[in-house]
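Step one of this worksheet: look at the structure below.
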Amino acid sequence: MSVIPRLRFAPSPTGLLHIGGARTALFNWLYARRHGGVFVLRIEDTDTRRSSEDLVAGILSGLRWLGIDWDEGPGVNGPHGPYFQSARLENYRVAVDQLVASGHAYFCFCQPEELKERREAAQAKHAGWMYDRACLHRSDKALAQLKSAGIPHAIRFKVPKGRTRFDDVVRGSIEVDNATIDDFVILRSDGRPTYHLSVVVDDVDMAITHVVRGDDHTSNTPKHVLLYEALNAPPPKFAHVPLIFGADRKRLSKRHGATSVAEFQHMGYLPDALVNFLALLGWSPGEDREMLTRDAMVQAFTLEGVSGGNAVFDQKKLDWFNSRHIELLQADEIIDKIQPLLEESRLWREEYASVGDSRTWLASIINLLKSRATVLPDFIEYGRPFLVDEVTYEPEAVKKRLLVVGLADHVAALREAYAALEEDRFDSSSLERVLRSIADSRSIKAGVLIHATRVAMTGTTVSPSLFEMVELMGRAKTTSRLKALEQFLAEQPPLDSLS
RNA sequence: GGCGGUAUCGUCUAGGGGUCAGGAUUCGUGGUUCUCAGCCACGCGACCGGGGUUCGAAUCCCCGUACCGCUACCA
């Protein structure tokens, strides 16, 4: 007996795809992929005021970027569509009629403002508040009168007496006394369903077998179970996963910096790294493994491996994952990813696009920088000296590495020696040998010349290994930058005069 | 206030009646070295508190505490 699992992610397009939502989607997707199931994407857009097409598009592209694909949903027709709640209003209507007819729900003419007042008054006294079922007890005649008078009405679910329990795959058995559950509204007076009704109706219609969602819904689940029972539908398996917080253990918000998938994309994080990091927030494969490929995650994923406590989003750790995943990429893949950034910085050249010496050269630079980059834009920053015509010296670098008596002479000697090197001997080991022998013959430390040359080449005090870098810069660029340094030094006031 | 949930290094976590409580990250130190990153080595660092049960509790039970969530005609 193998029922194909059907899972879903049901975002509400009232904002960007959030990190928390992305992880929920990921867990659903992982489970579906692990068990050969179906992953459904459903858009919960009944709140037409706050929803928009742009936001829907943003969510879809965020998921695509993360590599989370769906088997049914927007753009992918399936047997259980439509996949936008705004197009399923009729289904809710039918369900409500059924619930009213079977005595599981009733009309409520109480006005929201008045209810709100009473609730707030009760809360001010630290007392609990629940709907008093005033409308449940009205006579048929009174109800008919109110209705014909055109008073707007909502429809409430009549919570039965008793206890409601369900098994949560990550939390175990959960049970509540129905007396603690309010007769919640399932259909608003404007005819729109509330969340509780629409999720259940849709999950039933879409034959969802596993509901994996955020822990903020744990407390709502008894209501949903009651709805399943009233609708005569078997409830799915539930799994409530811990929430993600900022360092202050508050829900992730603007104060914590980036919170949406799009922001991380723009900051230069890799989807594989973000997915890897997110998967491990609240889930563990149960071994001491952290660097996981998508396939490895699919293979290892279980709902039982999801832990209970809320998790803090630690961007430092994301950085680590990103560095590691960058190292896994081929230079060519990185070039493709940073092309837009290079274009933005006006550093891109057409020759890089096609196979050839230029692209190979760029790839060599990338390989030199790979272990140093934590996010994609780092390649632009560290790679800039290779790609521009001339560099400017940072004051710090000048102060630290260029204030050396006689430096201009040493640099000139180096420049001449480098200029004299045959083109095919312009390699890192020759470059190093030449530099060291010049330093020796002039009785200065090689470091002095190395550091000064680094400033000449990059304008800064940090860079990849000098000689590999110079090799890639090439003879022409190298000698001209050394020459520029000599000129710069010549324009400086003599060092002796300072003392 | 009511109801539900959670609690292991700063952070993410493994484990789970007898372990030196493991890994990762961060941080610190040393090594490699021309700087930085990387890499290697080492180090700092945790079972919320109190009661039980037990020969033995971080692990099971109860209570407390803290935190989180729900308590809307939001989702």
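First the proteins, then the strands, lettered A, B, ... as listed; each starts at 1.
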Closest to the [X] side chain: [options]?
X: A:Arg171; options: B:U11, B:G4, B:U6; result: B:U6
X: A:Arg251; options: B:G69, B:U35, B:G2; result: B:G69
X: A:Lys223; options: B:C12, B:C70, B:C3; result: B:C70
X: A:Asp47; options: B:A75, B:C68, B:C12; result: B:A75
X: A:Asp314; options: B:A24, B:U11, B:G5; result: B:U11
X: A:Ser284; options: B:A14, B:C68, B:C34; result: B:A14
X: A:Arg454; options: B:G38, B:C34, B:C68; result: B:C34
X: A:Ala311; options: B:U13, B:A75, B:C73; result: B:U13
X: A:Arg401; options: B:C73, B:U35, B:C12; result: B:U35
X: A:Asp182; options: B:A72, B:C34, B:C73; result: B:A72

| How about A:Phe379 and A:Lys370: do any of their side-chain heavy atoms sit closer than 4.5 Å? | yes

| query | Do A:His18 and A:Arg251 come close enough that some side-chain heavy atom pair is under 4.5 Å? | reply |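 No, too far: nothing below the 4.5 Å cut-off.
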
Same-atom distance ([atom1]) from [N] to [M], integer angstrom:
N: B:U26; M: B:G5; atom1: C1'; result: 29 Å
N: B:U65; M: B:U25; atom1: P; result: 39 Å
N: B:C20; M: B:C63; atom1: P; result: 33 Å
N: B:U19; M: B:A58; atom1: C1'; result: 11 Å
N: B:G45; M: B:A57; atom1: C1'; result: 23 Å
N: B:A14; M: B:G49; atom1: C1'; result: 24 Å
N: B:C68; M: B:C36; atom1: P; result: 42 Å
N: B:A21; M: B:C47; atom1: C1'; result: 8 Å

Mind checking if [X] touches a base, just sugar-phosphate, or nothing, with heavy atoms under 4.0 Å?
X: A:Arg289; answer: nothing
X: A:Pro464; answer: base
X: A:Asn220; answer: base
X: A:Gly447; answer: nothing
X: A:Phe313; answer: nothing
X: A:Leu466; answer: base
X: A:Gly282; answer: sugar-phosphate
X: A:Thr180; answer: sugar-phosphate
X: A:Lys400; answer: nothing

Using whole Å, report how far [atom1] of [X] lies from [atom2] of [N].
X: A:Met130; N: B:A72; atom1: CE; atom2: C1'; result: 15 Å
X: A:Trp129; N: B:C70; atom1: CH2; atom2: P; result: 21 Å
X: A:Glu290; N: B:U25; atom1: CD; atom2: P; result: 7 Å
X: A:Gln85; N: B:A75; atom1: CD; atom2: C1'; result: 9 Å
X: A:Asp215; N: B:C3; atom1: CG; atom2: C1'; result: 14 Å
X: A:Phe321; N: B:U26; atom1: CZ; atom2: P; result: 11 Å
X: A:Arg249; N: B:G69; atom1: CZ; atom2: P; result: 12 Å
X: A:His240; N: B:G5; atom1: NE2; atom2: P; result: 12 Å

Check ion pair [X]-[Y] (N to O, under 4.0 angstrom):
X: A:Lys337; Y: A:Glu333; answer: no
X: A:Lys237; Y: A:Asp167; answer: no
X: A:Asp378; Y: A:Arg372; answer: no
X: A:Asp440; Y: A:Arg436; answer: no
X: A:Asp202; Y: A:Arg8; answer: no

| request: Please check the phosphate of B:C68 (OP1 and OP2 only) for any side-chain N or O of A:Lys250 closer than 4.0 Å. | output: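 A:Lys250 to B:C68 OP1/OP2: side-chain N or O found under 4.0 Å.
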
| query | Is any side-chain N or O of A:Thr46 closer than 4.0 Å to OP1 or OP2 of B:A75? | reply | yes

| task | Please confirm whether A:Phe264 and A:Phe313 have ring centers closer than 6.0 angstrom. | result | yes

Base-pairing assignment for [N] (Watson-Crick or G-U wobble, both under 3.5 Å):
N: B:A66; answer: B:U6
N: B:G43; answer: B:C27
N: B:A57; answer: none
N: B:U33; answer: none

Would you state whether a donor and an acceptor, one from the side chain of [X] and one from the base of [N], lie under 3.5 Å apart?
X: A:Ser219; N: B:C3; result: no
X: A:Thr194; N: B:C73; result: no
X: A:Lys116; N: B:A72; result: no

| query | RNA chain B: A:Thr461 or A:Pro193, which has the more 5' nearest nucleotide? | reply | A:Thr461

| Whichever of A:Ala154 and A:Ser371 has its nearest RNA chain B nucleotide further upstream toward 5' |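 Closest to the 5' end, via its nearest nucleotide, is A:Ser371.
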
| field | Plane angle bin for A:Phe238 and A:Tyr228 - parallel if under 30°, tilted between 30 and 60°, otherwise perpendicular | value |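 Rings of A:Tyr228 and A:Phe238: perpendicular, over 60°.
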
